[in-house]
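Following: one structure in structure tokens, then a few remarks.
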Amino acid sequence: MLRLAVPNKGALSEAAQNMLKEAGYRPRRDSKELVVVDEANGCELFFLRPRDIAVYVGEGTLDVGITGRDMLVDSGAPVEEIMPLGFGGSTFRLAATAGAMTSVSDLDGRRIATSYAGLLDKYLSDQGVDARVIKLDGAVETAIRLGVADAVADVVETGTTLRNVGLEVFGEPIMRSEAVLIKRQSAPETASAEQLVRRVKGVVHARDFVMMDYDIRAERIEEAIALAPGMEGPTVSPLHREGWVAVRVMVPRKGHQQMMDQLWEIGARAILVTAIYACRL
Ligand SMILES: Nc1ncnc2c1ncn2[C@@H]1O[C@H](COP(=O)(O)OP(=O)(O)OP(=O)(O)O)[C@@H](O)[C@H]1O
Ligand SMILES: O=P(O)(O)OC[C@H]1O[C@H](OP(=O)(O)OP(=O)(O)O)[C@H](O)[C@@H]1O
Ligand SMILES: [Mg+2]
């Protein structure tokens, strides 16, 4: 049985469960269910804290897991990214009281609160900055106000949490993170893990692409294909109407409206866009 780790709480939990459900895996009935045996797919799903997932996968007790890239790096566990999943996007950044600090070098000799000590230590040593790291469990933004730290290093998405306590980011982002599928470094490939990866890729592609159908005069087809080349080239079928063809092609969801405009400009008509429910490319 394939053993899969899924975040049981927090920012990634719901989106990760939705993705696995779309990929055909059995969802859990309620949030208290910590292990789900999915007989039909030869898979066991373990619901764990995202921070612990890299540790389990690194130890080899679980085969594959979903966690944040920042947590993967922070753990220092011997795991590697199989693929990004397109949700849970955030940056990991330094922040301090508005106007107090402008660059990383301002941190020399100061205290920085974070729940990502592994990630921050590595960054500080790469930057050659000698600062004291104060490890906290969460809500680190409050540490400055309470006099425990001079700066914080934390996850920033919208920036609302920082603004609410009068903090401002400074320096370049330490890293860009999103949810990722992980496995143990140099773990042998297994058929069941490969099947999971194919299914999850199918969900990511179905979200990232749309299906576009249009009709166009046969002599403009090369121009149209140059605009929308598709995965392995579009399907071109003859139309009953003399001199016209029907074209079907997968295009990125992002920018599909501009692509419709461009196709219209070169004479395409009856341009239809439909969502892809599932795919295996
Ligand atoms: N507001 C957010 N937007 C996007 N991603 C986020 C956000 N907060 C956290 N994350 C990401 O989600 C992952 C897990 O973080 P999460 O906050 O869920 O765990 P935690 O801090 O250990 O748990 P909790 O916040 O429930 O105590 C991390 O990779 C993090 O980058
Ligand atoms: O930029 P924002 O959109 O405000 O999001 C970032 C906040 O979200 C997370 O907090 P979480 O709710 O996970 O609490 P925690 O700090 O206790 O982990 C993170 O730690 C930041 O505090
Ligand atoms: Mg959190």
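When a residue number appears, it is its place in the shown sequence, counting from 1.
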Establish whether Ile112 and Leu162 are linked, either directly or via other cluster members, by ILVMFWY side-chain heavy-atom contacts under 4.5 Å.
-> no
Heavy-atom closest pair (Phe47 atom, Val35 atom, distance to 0.1 Å) is CD1-N, 4.4 Å
Hey, does Leu20 have a side-chain heavy atom less than 4.5 Å from the side chain of Leu45?
-> yes
Hey, is NZ on Lys254 packed in by over 12 heavy atoms from elsewhere, all under 6.0 Å?
-> no
Go through the steps to decide whether Val79 and Gln185 satisfy the test side chain to side chain contact (heavy atoms under 4.5 Å, CB included), and finish with yes or no.
-> CA-CA 5 Å; Val79 291; Gln185 267 166 21; 5.8 Å; no
Short question: side chain of Arg93, backbone of Glu172 - any donor-acceptor pair under 3.5 Å?
-> no
Applying side chain to side chain contact (heavy atoms under 4.5 Å, CB included), run through Arg69 and Ile182 and close with a yes or a no.
-> CA-CA 9 Å; Arg69 183 181 294 130; Ile182 61 166; over 6 Å; no
Between Thr97 and Arg145, is any pair of side-chain heavy atoms under 4.5 Å apart?
-> no
Are Asp70 and Arg176 within salt-bridge range, i.e. N to O under 4.0 Å?
-> no
Exam field: side chain Thr91 to backbone Val156, donor-acceptor pair closer than 3.5 Å | yes
Crowding at CD, Glu219 (>12 non-hydrogen neighbours, <6.0 Å) | yes
Answer yes or no: is there a donor N or O on one side and an acceptor on the other, between the side chain of Asp150 and the main chain of Arg110, under 3.5 Å?
-> no
Out of curiosity, Thr142 OG1 to Ile144 CD1, how far, rounded to the nearest 0.5 Å?
-> 9.5 Å
Hey, mind stepping through Leu2 and Leu196 against side chain to side chain contact (heavy atoms under 4.5 Å, CB included) and telling me if it holds?
-> CA-CA 9 Å; Leu2 180 77; Leu196 174 103; 4.0 Å; yes
Nearest atoms (heavy-atom pairs only) where Ala113 meets Ala143 | CB-CB, 3.7 Å
How many angstroms lie between CG in Leu124 and CZ in Arg132, if you round to the nearest 0.5 Å?
-> 13.5 Å
Determine whether Ile216 and Ile225 fall in the same hydrophobic cluster, where Ile, Leu, Val, Met, Phe, Trp and Tyr are linked whenever their side-chain heavy atoms lie under 4.5 Å apart.
-> yes
Measure from the side-chain N and O atoms of Thr114 to the backbone N and O of Ala153, and report whether any donor-acceptor pair falls under 3.5 Å.
-> yes
Taking atom types as modelled, is there a side-chain donor on Glu194 or Thr190 under 3.5 Å from an acceptor on the other?
-> no
Using a strict 4.0 Å threshold on nitrogen-to-oxygen distance, state whether Arg269 and Asp215 make a salt bridge.
-> no
For Pro7 and Leu12, work out which heavy atoms get closest and say how close.
-> CG-CB, 4.0 Å
Honestly curious: do Tyr214 and Ile276 fall in one hydrophobic cluster under the side-chain, below-4.5 Å linking rule?
-> no
Under the salt bridge (charged side-chain N to carboxylate O under 4.0 Å, His left out) criterion, do Lys183 and Glu81 qualify, and how do the steps go?
-> CA-CA 7 Å; Lys183 68 177 178 78; Glu81 234 179 273; over 6 Å; no
Mind checking whether Met212 and Met260 have side chains closer than 4.5 Å, heavy atoms only?
-> yes
Expected output: side-chain Thr61 to main-chain Tyr56 donor-acceptor under 3.5 Å = yes
Does the side chain of Leu94 come within less than 4.5 Å of Ile174's, by heavy atoms?
-> yes
Side-chain donor/acceptor of Thr67 to backbone N/O of Pro50, under 3.5 Å | yes
Under 3.5 Å: donor-acceptor pair, side chain of Glu178, backbone of Gly88 = no
Arg49 and Asp52, any side-chain heavy atoms less than 4.5 Å apart | yes
Donor-acceptor contact below 3.5 Å, side chain Asp63 vs main chain Arg3 = yes
Step by step, would you call Phe87 with Met19 a side chain to side chain contact (heavy atoms under 4.5 Å, CB included)?
-> CA-CA 10 Å; Phe87 62 86; Met19 180 165 269; 3.8 Å; yes
Donor-acceptor under 3.5 Å (His256 side chain, Arg253 main chain) = yes
Cluster overlap Leu272 with Met211, hydrophobic side-chain contacts below 4.5 Å = no
Note: Arg26-Asp38 ion pair, threshold 4.0 Å (strictly below) = no
Is a salt bridge present between Asp126 and Lys122, judged by a nitrogen-to-oxygen distance below 4.0 Å?
-> yes
Is there side-chain contact between Lys201 and Arg280, with at least one heavy-atom pair below 4.5 Å?
-> no
Indicate the atoms forming the closest heavy-atom contact of Val64 with Ala193, along with that distance.
-> CG2-CB, 4.2 Å
Which heavy-atom pair separates Pro234 from Val249 by the least distance, and what is that distance?
-> CB-CB, 3.8 Å
Asp108 CG: over 12 foreign heavy atoms closer than 6.0 Å = yes
When rounded to the nearest 0.5 angstrom, what distance separates CG in Leu48 from CG in Leu62?
-> 6.5 Å
Considering residues at least two apart in sequence or located in another chain, which fulfil the salt bridge (Lys or Arg N to Asp or Glu O under 4.0 Å) criterion with Arg248?
-> Asp213
What's the spacing between Arg198 CZ and Cys279 SG if we round to 0.5 Å?
-> 13.0 Å
Polar side chain donor-acceptor pair, Asp121 to Ser125, under 3.5 angstrom = no
Tyr25 OH to Lys21 NZ distance, which is reported to the nearest 0.5 Å | 15.5 Å
Within 6.0 Å of CD in Glu33, more than 12 heavy atoms from elsewhere = yes
Side-chain donor-acceptor contact under 3.5 Å, Arg28 with Asn8 = no
Is the backbone N or O of Trp244 less than 3.5 Å from a side-chain atom of Arg217, with the two atoms forming a donor-acceptor pair by type?
-> no
With a 4.5 Å heavy-atom cut-off, do Ser115 and Arg51 have their side chains touching?
-> yes
Min side-chain heavy-atom separation Tyr123-Met175 under 4.5 Å | no
Consider only side-chain heavy atoms of I, L, V, M, F, W and Y, link residues closer than 4.5 Å, and tell whether Val204 and Met250 are in one cluster.
-> no
Mind listing the closest non-hydrogen atom pair of Gly65 and Val57 along with its distance?
-> N-CG2, 4.0 Å
Separation of Glu222 CD from Arg220 CZ (nearest 0.5 Å) | 12.0 Å
